[in-house]
Enquirer: 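Encoded as structure tokens, here's the structure I'll be asking about.
Below, all heavy atoms of this structure are taken into account, side chains as well, without hydrogens, waters or symmetry copies. Letters go in sequence order (proteins before strands), and every chain restarts at 1.
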Amino acid sequence: MSDTILLSAIVFLPAVAALILVAVPGRQKELIKQISFATTVLVFLLTLVLLAQYFELRDPATGSWPTLAERAAAAREQDLPNDLVVRYPWISAFGVEYYLGVDGISLPLVVLTGFISMLAMLASWGIDKYVRGYCILFLLLVTGMMGTFVALDFFLFYVFWELMLLPMYFLIGIWGAPSRVEADGRVRGGPYAAIKFFIYTLVGSVLILVAILALYFHPAEPGAGPAYTFDIMRLHSIAQQAGVYSLGFQLLIFVLLYIGFAIKVPVFPFHTWLPDAHVEAPTPISMILAGILLKMGGYGFIRLAYPIAPEAAHYLAWFIAGIGVWNILYGALAAMAQTDFKKLVAYSSISHMGYVMLGFGVWTLMGDPDKWSMAMNGAMFQMIAHGISSPAMFFAVGVIYDRIHHRDLNRMGGLANIMPYYAGISAIIFFAGMGLPGLCGFIGEVFTVLGSWQFSRLLAVLAASGVILTAGYILWTLQRVFLGRPSPEMFGEGHHGDPNALPDLSVREWVIAVPMVIMAVVLGVYPDLVFRFMEPSVTQLIQDLTQTLAQAR
Amino acid sequence: MNLTEVFEVVRSDIGSSLRAFLPELALVATILVLLLVRLFQRQGTYVSRALALIGSIVALLLALEQYGAGLHREIFGGMLAVDGYTHFFRLFLLAFAVLMVWLTMLTNMPEPEDAADFFVLLLGATLGMILMSSSIHLLMLFMAVEMASLPSYGLAGFLKESRRAGEASLKYVVFGAGASGIMLYGMSLLAGRFGTAHLPTLAERIAQSVATEHGVVIEPILVAGVLLVLVGIAFKVSAVPFHFWCPDVFHGAAAEVAGFLSVASKGAALALLSRFVLTLAYPVLQAFGFAQVSLTQALALTLAVLAAVTATYGNLAAYAQTNLKRLLAYSTIAHAGYMLMPIAAAIGSSGRPNFATAVDVVLFYLVVYLFMNLGAFAVVALIRNAIGSEDLSHYGGLIHRNPLLTVAMAVFLLSLTGIPPLAGFVAKFRIFVVLYQTGFYWLLAVGLANTVFSLFYYVKVLRVMIIDEPVPETPAWQSNALAVAFHVLLIVANFALLIPGVWNGLQDITTGAVATLLLP
């Protein structure tokens, strides 16, 4: 299959399915869900085909891959059928291209997106309100996410990046919790959380847009005219020439992109939308948010901010790493203080994404560049691992919420006896999130912390101590939910029942949980599954960046 | 030139002038026929509407033919210019007139006994607006503004039973007359000081008077004249602080009329503004080799501040509105602000090749603005027909009763916000590009911040329509094929710019229109 069709299908198949759904009568709820699920399964299978094709690209003699930059440059001359880069002119007035491509950095995220979208769609079976609208928006969201990960034209990237906002707004606003007035008079609920998410992200997007314009008009060589390019690979190569982007310019670009992406990650102090959005969103949307949307921020750093403004990134290394560690500790402490199960998981996401920022940040020219490579690889792996463990955690919260209609940790308890399978599955999932060795969360954390040791022992120690806090809140949570006796107030207002008669996992819930549990274990014991194709690209990037910086000095 | 000479010039080219004036003549003929028909047939909407539709389509086709022929010259002895710029606005306004007539078909806007009057006013205003875009003579310019304004006053008060409409019309007249007076005064200062009312000649004489042997001399009378004319135009554009009429007029007038005024009237005023400002500034900039000229810099700064304040005020004031027409009125004020930004950048750009690009961007924006703003007002009109209210509180849960209208409204409002992949984003993106290129960073920051501000109130409307609980017992709107086609057309137009070739095509058209602007 030609790569043009493959990549385009992965991105646009969901959008086409959404268009088809417009024609399906809204009463046919089952049919609509089946079409949507089939689409997400197909997209996931296509991402696996993409992965297989990527392995075919490998040079059998050396075992190395041609870099994305090389393939992109070749595609500029001639579109090869199997180079996994798609390049066609699109808007010639601005030199915008329809330009997609994958490498070891984007590919794991693409596969993850396919995987989580599929499971989240399956988790959406319980949605009964306006099913057609839900599925249409969900599929558009998938298109936006896939497009963001594979776009190599900055303009196209921006279009996909923004395309996600609107479906997300409505998915949280309509299918999230209804609007309510809190005891202190504040209005909270889905619509509030949705607009908060929308505005935070739009502010970030606007800053990214400024960076796009600034890069577009910046000369490609000293003294030359404006570069007039949105080509991300070209911007990388311009940035690699010493003296083209001055440190001041790089700082401007980096700060703009930093804020834009940090809002998405989310990095303290731009994180406040996240607990709201997660708590109010329906379970499948929380899975998508935590599993994929947060990764877009991290992806933005590694694909755009770092390669385009390397000097600035190095200049601000302490700041980035320091805020990352603060994210770890702050998120963990905030999680510990929560009594709302879902909010706790939301803060744990903030904490875990801190490791990603720490891994990115610990760049020092003093010492061994392999250590930074290790940290960066760890950060990337942490993104994948968190992309599996956090949707699983949100799913676990959703399972119990569906049964008892509240999320107050103090009113649960004893579930291990009542729902033993649920308890077992949840334990694995939460331990994966905690970073227990043998599960996926461990690898990313240990790599980032080890990699950051040479940068700063203090930060490494603080980050490692975050593991203790994480263990603290996760174990305490498991204790409150599963151990002890069932709380007498087990059921939410207006709901009654016998706590001991709570049903265990349904078949559908098994089907959703088991793949995530399997992946958590597999990635924990065999991380090479991802590292094998991710590590060469990340290491290549580190080499390029280090070289660029060495030239600039 | 004495009177006989003028007469001789006019007589000698009257034939070719009239030929170049054919689209306008077609409109005039339609208006006359409409009035005649009214004498014989006192009732009935169909005949008048059909005539108006045919007349505007014929005029549109004639304009298209002339656009294809690529005629560029002054006609009627230097009263009007027929250049690419005129062709563009002719097509823009006539196509808009056709869409307006189509819209009235959907909303049954004029009562049967008033149908002829309504279409006469509509086409008359359109004619005036076309003249606004093509006049290059101060006197003609003033007459064109009046010709566009007077029918607009009538249209604003067209809902006869409504006190609000009467009030709107009266306010419009009073403010409009005041603005016209000020504008006329400014023109008389310019014409009196420089001895000509022909804009290109005037511009050359201004350039001469500015560049004296004692260096740059700027006469107070010149500043006063230009500023007073700008006040008049700012009123038509509804730029802050001359915007007071806009919310009241839009609130009182029918939604269709408000849609018409918001697009056509503003479009024509911006056409006039660009032509006036560019024609006057160009020779001055040229004479000084596009160096920093304090006069043009001051003019640019004035416009930039005006634009920034207008956009910000419009967006902030819109947030508090509960009446949809009023909310959209403030939104149109904000958009006028966005459209003023590149014009300011054009004059202030100190001669980088952006002089034409900046105006090109405004034309581009106007085309996009037509599709998004007309759409929004059309939805308001159709919902008013269905539920009898334009109040946001009655819009709750409309998606369940009127899914097409709600989805259409979502597309239009998000396009107005400037969210990709909708056309509004592309238009805004081009404005931001010009602002970045010309170094107006602070204005760029204002524009970007305004995008975020505007999200609040546009999404507020969508939230009420889509997320909130339905208002009980609101009747559903009965759709029909024509209405569906109308909305599908506008929705597709809002997505079309990202189809390969469309963006380039539109940009080529607008660039061509500006490139052939007859500058002295």
Enquirer: Heavy-atom distance under 4.5 Å between the side chains of B:F429 and A:Y158, does that happen here?
Expert: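 Heavy-atom side-chain distance check fails, nothing below 4.5 Å.
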Enquirer: I would like to know whether B:V433 and A:F217 meet side chain to side chain contact (heavy atoms under 4.5 Å, CB included); could you show each step before the answer?
Expert: CA-CA 9 Å; B:V433 166; A:F217 287 110; 3.4 Å; yes
Enquirer: At a 4.5 Å cut-off on heavy atoms, which part of A:L209 comes close to chain B: side chain, backbone, both, or neither?
Expert: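 Side chain only.
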Enquirer: Take A:L213 and B:L435 through the side chain to side chain contact (heavy atoms under 4.5 Å, CB included) test and state the conclusion after the steps.
Expert: CA-CA 10 Å; A:L213 288 179; B:L435 294 179; over 6 Å; no
Enquirer: I want to know whether B:F425 and A:F155 have ring centres closer than 6.0 Å.
Expert: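 Yes, close enough.
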Enquirer: Between CD1 of B:I399 and OH of A:Y130, what distance do you get to the nearest 0.5 Å?
Expert: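 These two atoms lie 9.0 Å from each other.
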Enquirer: Name the member of B:D468, B:L414, B:T451 that forms the most heavy-atom pairs with chain A at distances under 4.5 Å.
Expert: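 It is B:L414.
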Enquirer: Heavy-atom distances under 4.5 Å only: say whether A:S179 touches chain B with side chain, backbone, both or neither.
Expert: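 Contact with chain B involves the side chain of A:S179 alone.
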Enquirer: Go through A:Y88, A:F160, A:F94, A:W161 and name the one with the most non-hydrogen pairs under 4.5 angstrom from chain B.
Expert: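 Most heavy-atom pairs under 4.5 Å with chain B: A:F94.
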Enquirer: When rounded to the nearest 0.5 angstrom, what distance separates CG in B:L462 from CG in A:L166?
Expert: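 That separation rounds to 8.0 Å.
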Enquirer: Can you tell which part of A:A194 gets under 4.5 Å to a heavy atom of chain B, answering side chain, backbone, both or neither?
Expert: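 Neither part; nothing is under 4.5 Å.
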Enquirer: Minimum heavy-atom separation for B:N504 and A:A93, please, with both atom names.
Expert: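 Shortest heavy-atom contact: OD1-N, 2.8 Å.
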Enquirer: State the OH-OH distance between B:Y436 and A:Y216, to the nearest 0.5 angstrom.
Expert: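 That separation rounds to 12.5 Å.
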Enquirer: Is the count of non-hydrogen atoms from other residues, nucleotides or ligands lying under 6.0 Å from A:Y98 atom OH greater than 12?
Expert: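 Yes, the 6.0 Å shell around OH holds more than 12 heavy atoms from other groups.
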Enquirer: Measure distances from A:L207 to the heavy atoms of chain B and classify the residue's part below 4.5 Å as side chain, backbone, both or neither.
Expert: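 For A:L207, neither part sits under 4.5 Å from chain B.
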Enquirer: Going by heavy atoms in the side chains, are B:I419 and A:L202 under 4.5 Å from each other?
Expert: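 Side chain of B:I419 against side chain of A:L202, heavy atoms only: contact under 4.5 Å found.
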Enquirer: A:G26, A:P89, A:G190, A:G173: which one forms the most heavy-atom pairs within less than 4.5 Å of chain B?
Expert: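 Most heavy-atom pairs within the cutoff with chain B belong to A:G173.
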Enquirer: Count the heavy-atom pairs under 4.5 Å between each of B:L498, B:D508, B:I499 and chain A, then report the option with the highest count.
Expert: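 Of the options given, most contacts go to B:L498.
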